[in-house]
Amino acid sequence: MIINDTVLRSDWIVACKIEDVTEEPIQVVIMGERVVLFRNEQGIHAFKDLCIHRGAALSLGCVRDGNLVCPYHGWEYNSEGTCTSIPQLPEGKSIPLKAKAFKYTCRTDYGFVWINLENNNPEFFSYPEFNDSSYRNILWGPQEVNANPPRIVENFLDVGHLSFIHEGFLGVPEHPEIGDYDVHIEGDRIFSDEIAIYQPDPDGTGVAKDVYYTYEIVRPLSVRFTKRDPDSDNKMTILLTILPIAVGKSIAYGIMSFNYETGTSDQEIIDFQDMIFAQDKPIVENQKPEDLPLDLQVELSLKCDRMSIAYRKYLKSLGVTLGTE
């Protein structure tokens, strides 16, 4: 079923990692739409995964001489979606003008492929750490979640659960308090003050101490936080971005950025993040209601929930309908 959320369809949505698009076309489902991604000398391209001739999935075909070839009857489409060859046509017959694949706006940034389903090419968000040579960047995901994006995103912004769901890693039950903080809006930026969080071993030295988290809402499906160590000024930033597949089904991706040497391999960092996410997953998949209430009177909130409250207000102001009520 196609998800007709015009706000999200008009935004950039993560599709996959750039490295996932190799010599063979692949299919990605975005908001119920089947999309085929393929690579040629000009880069990566995205079409509706549908041959206009008899409805075959173009993702089952191949790339030949830079063209995407339909597996059913061999029709070929160039990078712009124009059909350049129909083998069944007699010699001298013109290719019908209607013989085109539907092309989606596509870009590659921060290690991922991004799709704009409405082809309105909106402004892209900034993640400066990725292009900063002082940072080490590690891609994370895909992680499938049986939940809608707003619940997944809000969990990421929720500072109060760290001492319980992630006990022994990101907090301890003996220090659950969250001090008061404010949320600020500056232009398109929505971000929190630094929030002190007690962690048992935040830097691998075995010494427990407070570290400081700053949360930021980037887009409806993309959020980030930065953890700062006050003793060393070491910073770790994580960007979370969500691919909505269908109602109640999403895929999470992320970028983990460090301005210091962690002493661990990329795979060890990915494994740790997988473990943390696995702790969150059953909570998010079983929250009721499944859709995030945008009426702030429906659920009881505390001052420590100011970031999630800001996210709900943001979704309401934009008119996001997927996963909200």
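These numbers come from a predicted model, not from an experiment. One is the number of the first residue; the rest follow in order along the sequence.
The main-chain N or O of Pro150 is never found under 3.5 Å from a side-chain atom of Asn148 such that the two would form a donor-acceptor pair. No donor-acceptor pair closer than 3.5 Å links the side chain of Ser222 to the backbone N or O of Arg219. With hydrogens and angles ignored, the 3.5 Å screen pairs a side-chain donor or acceptor of Asn116 with a backbone N or O of Asp11. Side-chain atoms of His166 never come within 3.5 Å of backbone atoms of Ser163 as a donor-acceptor pair (strictly under, hydrogens ignored). At distances below 3.5 Å, at least one donor-acceptor pair connects side-chain atoms of Ser250 with backbone N or O atoms of Ala147. Without hydrogens or angle criteria, Asn131 side chain to Pro128 main chain gives no donor-acceptor distance under 3.5 Å. Formation of a donor-acceptor pair under 3.5 Å by the Asp193 side chain with backbone atoms of Tyr181 is not found in this model. For Arg224 (side chain) and Tyr127 (main-chain N/O), no donor-acceptor pair under 3.5 Å exists by modelled atom type.
Between the side chains of Thr237 and Thr226, a donor-acceptor pair is found at a separation under 3.5 Å. Counted by atom type alone, Thr324 and Asp291 present zero donor-acceptor pairs between their side chains at under 3.5 Å.
Summarising the local packing, CD of Glu41 is surrounded by 12 or fewer heavy atoms from other residues, nucleotides or ligands at distances under 6.0 Å. For Lys17, the NZ atom counts as densely surrounded, since its 6.0 Å shell holds more than 12 non-hydrogen atoms of other residues, nucleotides or ligands. Counting non-hydrogen atoms of other residues, nucleotides and ligands closer than 6.0 Å to CG of Asp20 gives a total above 12. Remark: Glu261 CD is packed, more than 12 non-hydrogen atoms of other residues, nucleotides or ligands lying under 6.0 Å away. Under a cut-off of 6.0 angstrom, the local environment of CD in Glu177 is crowded, with over 12 non-hydrogen atoms contributed by other residues, nucleotides or ligands.
Looking at heavy atoms from C-beta onward, Ile44 lies in side-chain contact with Cys106 at the 4.5 angstrom threshold. In this structure the side chain of His73 never reaches within 4.5 angstrom of the side chain of Pro87, judged on heavy atoms. Looking at heavy atoms from C-beta onward, Glu167 lies in side-chain contact with Pro173 at the 4.5 angstrom threshold. Between Ile195 and Thr214, the closest side-chain pair of non-hydrogen atoms is not below 4.5 Å. A 4.5 Å side-chain heavy-atom check between Arg312 and Glu299 finds at least one atom pair inside the cut-off. Counting only heavy atoms from C-beta outward, the side chains of Val207 and Gln199 never approach each other to under 4.5 Å. Counting heavy atoms from C-beta on, the side chains of Val28 and Leu243 come closer than 4.5 Å. Using a 4.5 Å cut-off on side-chain heavy atoms (C-beta onward), Phe47 and Val35 make no contact.
Between Asp295 and Lys316, no side-chain nitrogen of the basic residue sits less than 4.0 Å from a carboxylate oxygen of the acidic one, so the salt-bridge criterion is not met. Salt bridge status for Glu76 with Arg64: present, with a side-chain N to carboxylate O gap under 4.0 Å. The pair Glu290-Arg151 fails the salt-bridge criterion, with no side-chain N (NZ, NE, NH1 or NH2) lying under 4.0 Å from an Asp/Glu carboxylate O.
For the atom pair CG of Asp5 and CG of Leu318, the computed distance is 9.5 Å after rounding to the nearest 0.5 Å. Here the CD1-CG distance, from Ile276 to Asp271, works out to 12.0 Å after rounding to the nearest 0.5 Å. The line from CG of Leu162 to CD1 of Ile165 is 9.5 Å long, rounded to the nearest 0.5 Å.
Between Trp12 and Phe125, the ring center distance fails the sub-6.0 Å criterion.
Applying the ring-ring contact (aromatic ring centres under 6.0 Å, His included) criterion to Tyr72, with sequence neighbours excluded, gives no partner residue. By the salt bridge (Lys or Arg N to Asp or Glu O under 4.0 Å) test, Glu80 is found to be paired with no residue, residues two or more places apart in sequence or in another chain being considered.
Between Phe156 and Tyr215, the ring planes are perpendicular. Angles over 60° get that label, and only those under 30° would be called parallel. Taking the six-membered ring where tryptophan is involved, the planes of Trp114 and Phe112 are perpendicular, since the angle between them exceeds 60° and thus also 30°.
Cation-pi geometry between Arg228 and Tyr213 is not satisfied (NZ or CZ under 6.0 Å from the ring centre, within 45° of the ring normal).
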CA sep, side-chain torsions, deciding dist, call: Ile2, Arg9, side-chain contact (heavy atoms from CB on, under 4.5 Å): CA-CA 11 Å; Ile2 304 302; Arg9 292 178 65 89; 3.7 Å; yes
